[in-house]
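Written below as structure tokens is the structure these notes are about.
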Amino acid sequence: MCDLPALPKNGFKDHIVILCADIGGSYIDFAVADNAHQLSDRRRRPTPVGSMADFVSTLAEFAAPYDRGLPLHVAIAGVCDPQTGHTRSANIPCVNERPLRDALATRLGRPVVIGNDAHCFALAEAMQGAGAGHRIVFGVILGTGVGGGLVIDGRPIVGAGGLAGEWGHGPFIAACADPRAVPALRCSCGQLGCLDTIGGARGIERLHLAFTGQGSDSQAILSDWEAGLDHPRHTMDMWLDRMSAGLAGVVNVTGATIMPVGGGLANRPRLLAALDAAVRSRILRPGTGPIVVPGHLPADSGLVGASWLKGGPVAAP
């Protein structure tokens with residue numbers, strides 16, 4: 001399924017075939033993957049978000065001990081345009097509008113492939129996680145915000161500009177005078193009423209504040225909801241209503257048969273069970289089993305997904 005280079009003869013582990021990095025706004029995780037996509041030699045450093053030179057140097061230091069015939073596959077919290085190689089990331093400003101792929105390939109002297117971290121999560125779950133055995137997998141991120149990635153027959157689908165799977169963006173919530181309706185909040189993307197404004201942990205807090213006038217931590221809101229308390233009930237009913245509508249639309253459009261979930265909210269089994277039930281009540285395909293399920297590789301999905309990336313732009317089949 002993955003195009004792998006010839007095994008190296010370099011004095012290190014002869015089964016190593018890919019160097020992998022999972023890059024977020026706080027840390028860079030590095031590992032090497034063998035030809036079964038198992039990880040070893042893991043290391044971590046803080047992400048140099050303010051200096052492109054330091055950013056590239058950090059990855060060069062990680063990769064330096066390994067044969068230059070080995071490619072580096074990167075999962076990043078951002079978007080890399082597969083045509084231009086230019087990168088955009090809200091959390092790593094030093095790479096914004098920079099040709100990161102080419103800069104790394106030149107400095108490291110090895111092939112470099114870059115993928116969005118949500119796409120890599122979906123790919124990891126499709127190949128080795130909760131989505132194994134499913135043709136069409138849509139990975140869902142429910143963390144600080146929301147994100148996603150679509151994988152069909154083992155291939156992540158990446159559209160123009162590197163974008164795809166962004167189910168959290170678009171004016172899905174209509175402005176309404178009813179104070180009990182879901183508010184149409186301004187999104188960081190510039191639009192009004194995106195699901196991203198209410199979908200993640202911060203979104204639940206915004207929604208609860210709008211309905212109750214009370215500022216509260218998302219974990220406290222969810223714990224009170226799970227305990228059956230009254231004050232978070234409307235917040236969570238409205239959250240489930242809007243989020244399940246968005247995900248049901250994804251199922252109906254893509255034909256996805258499984259939706260593994262990653263991010264902090266994936267650790268709330270009752271929340272995912274309620275979301276799954278609401279999604280299945282709204283899709284066109286009747287009688288299906290669970291669709292929205294916890295991901296199986298929460299700690300390793302970025303690195304594992306990066307190891308499954310293929311070289312060159314990936315597009316719809």
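Reckoned from all heavy atoms, side chains included, excluding hydrogens, waters and symmetry mates.
Counting all heavy atoms, side chain and backbone alike, I258 lies closest to P290 at CD1-O, 3.9 Å. P82 and V158 make their closest contact through CG-CG1, 4.2 Å (heavy atoms, listed as atom of the first residue, atom of the second, distance). Counting all heavy atoms, side chain and backbone alike, F172 lies closest to R242 at O-NH1, 4.1 Å. Taking all atoms of both residues into account, the shortest heavy-atom contact from T84 to R101 is C-NH2, 3.9 Å. For the residue pair G246 and W167, the shortest heavy atom distance occurs at C-CE3, 4.3 Å. Of all the heavy atoms in H37 and S307, the pair that sits closest is ND1-OG, 2.9 Å.
Proximity of V140 to P260: side-chain heavy atoms (C-beta onward) are nowhere separated by under 4.5 Å. Under the 4.5 Å side-chain criterion, counting only non-hydrogen atoms from C-beta, I23 is in contact with V74. Inter-residue side-chain proximity for T106 and L104 is flagged as unmet; no heavy-atom pair is nearer than 4.5 Å. A heavy-atom distance below 4.5 Å is not found between the side chains of I198 and I204. Contact of the V304 side chain with the L39 side chain is registered, since non-hydrogen atoms from C-beta on lie closer than 4.5 Å. A 4.5 Å side-chain heavy-atom check between S244 and V279 finds at least one atom pair inside the cut-off. Looking at R110 and P71, their side chains never come closer than 4.5 Å, going by heavy atoms from C-beta outward. I157 has its side chain out of reach of V151: every pair of non-hydrogen atoms, C-beta onward, lies at least 4.5 Å apart.
Once rounded to the nearest 0.5 Å, the distance linking CG of N252 with CG of L247 reads 11.0 Å. Distance check: D41 CG to C20 SG gives 11.0 Å after rounding to the nearest 0.5 Å. The structure places CD1 of I76 at 8.5 Å from CG of D117, a figure rounded to the nearest 0.5 Å. Atoms OH and CG, on Y66 and L108 in that order, are 12.5 Å from each other to the nearest 0.5 Å. The distance from atom CE of M259 to atom CG of L275, rounded to the nearest 0.5 Å, is 9.0 Å. Note that CZ of R155 is 14.0 Å distant from NE2 of H119, once rounded to the nearest 0.5 Å.
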Acceptor/donor pairs from residues 91-98 side chains to any protein atom, 3.5 angstrom cut, sequence neighbours excluded:
from	atom 1	to	atom 2	distance (Å)
N96	OD1	S89	N	2.6
N96	ND2	S89	O	3.2

Side-chain atoms of residues 120-136: list all donor-acceptor pairs with protein atoms under 3.5 Å, sequence neighbours left out, distances to 0.1 Å.
from	atom 1	to	atom 2	distance (Å)
E125	OE1	A130	N	2.8
E125	OE1	H296	N	3.0
E125	OE2	H296	N	2.9
E125	OE2	L297	N	2.8
Q128	OE1	W308	NE1	2.6
H134	ND1	T257	OG1	2.7
R135	NE	D153	OD1	2.8
R135	NH2	D153	OD2	3.0

Would you list the atom pairs, donor with acceptor, under 3.5 Å between side chains in residues 25-33 and any protein atom, with sequence neighbours excluded?
from	atom 1	to	atom 2	distance (Å)
D29	OD1	R44	NE	2.8
D29	OD2	R44	NH2	3.3

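Side-chain contact, S223 with R268: a donor N or O sits under 3.5 Å from an acceptor N or O. Under the 3.5 Å distance criterion, with hydrogens and angles disregarded, no donor-acceptor pair is assigned to the side chains of H208 and S216.
Remark: the backbone N or O of A278 is paired with a side-chain donor or acceptor of S281 at under 3.5 angstrom. Within the 3.5 Å criterion, the main-chain N or O of A256 finds a donor-acceptor partner in the side chain of T254. In terms of modelled atom types and a separation under 3.5 Å, the side chain of W239 and the main chain of G199 share a donor-acceptor contact. The backbone N or O of I291 sits less than 3.5 Å from a side-chain atom of D276, completing a donor-acceptor pair. A distance-only check finds no donor-acceptor pair linking the side chain of R280 to the backbone of G287 [under 3.5 Å]. For H86 (side chain) and D81 (main-chain N/O), no donor-acceptor pair under 3.5 Å exists by modelled atom type. In this structure a side-chain-to-backbone donor-acceptor pair under 3.5 Å is missing from S218 to R202. Between the side chain of R186 and the main chain of G190, a donor-acceptor pair closer than 3.5 Å is present.
Its side chain outside the 4.5 Å cluster rule for every partner, L209 clusters with none of the Ile, Leu, Val, Met, Phe, Trp and Tyr residues. Grouping Ile, Leu, Val, Met, Phe, Trp and Tyr by side-chain contacts under 4.5 Å, direct or through others, puts L163 with V79.
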**Message:** Applying side chain to side chain contact (heavy atoms under 4.5 Å, CB included) to D241 and R282, what does each step give before you reach the verdict?
**Reply:** CA-CA 10 Å; D241 176 75; R282 291 178 144 178; 2.7 Å; yes
**Asked** Taking it one step at a time, do K310 and V113 satisfy side chain to side chain contact (heavy atoms under 4.5 Å, CB included)?
**Response** CA-CA 7 Å; K310 295 182 179 181; V113 180; over 6 Å; no
**Request:** Show your working on side chain to side chain donor-acceptor pair (under 3.5 Å) between R107 and S57 and close with a plain yes or no.
**Result:** CA-CA 8 Å; R107 174 67 184 275; S57 292; 3.1 Å; yes
**Message:** Please determine whether side chain to side chain contact (heavy atoms under 4.5 Å, CB included) holds for the pair L19 and H73, giving the CA-CA distance in whole Å, both sets of side-chain angles, and the decisive distance to 0.1 Å.
**Reply:** CA-CA 6 Å; L19 311 183; H73 288 197; over 6 Å; no
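Residue I141 is not grouped with residue V146 when hydrophobic side chains (ILVMFWY) are merged at heavy-atom distances under 4.5 angstrom, including chains of intermediate members.
The existence of a salt bridge linking D300 and R42 is confirmed by a sub-4.0 Å separation between a basic side-chain nitrogen and an acidic carboxylate oxygen.
Around the CZ atom of R45, the shell of radius 6.0 Å holds more than 12 heavy atoms that belong to other residues, nucleotides or ligands.
Looking at residues two or more places apart in sequence or on another chain, you find a side chain to side chain contact (heavy atoms under 4.5 Å, CB included) between A53 and S51.
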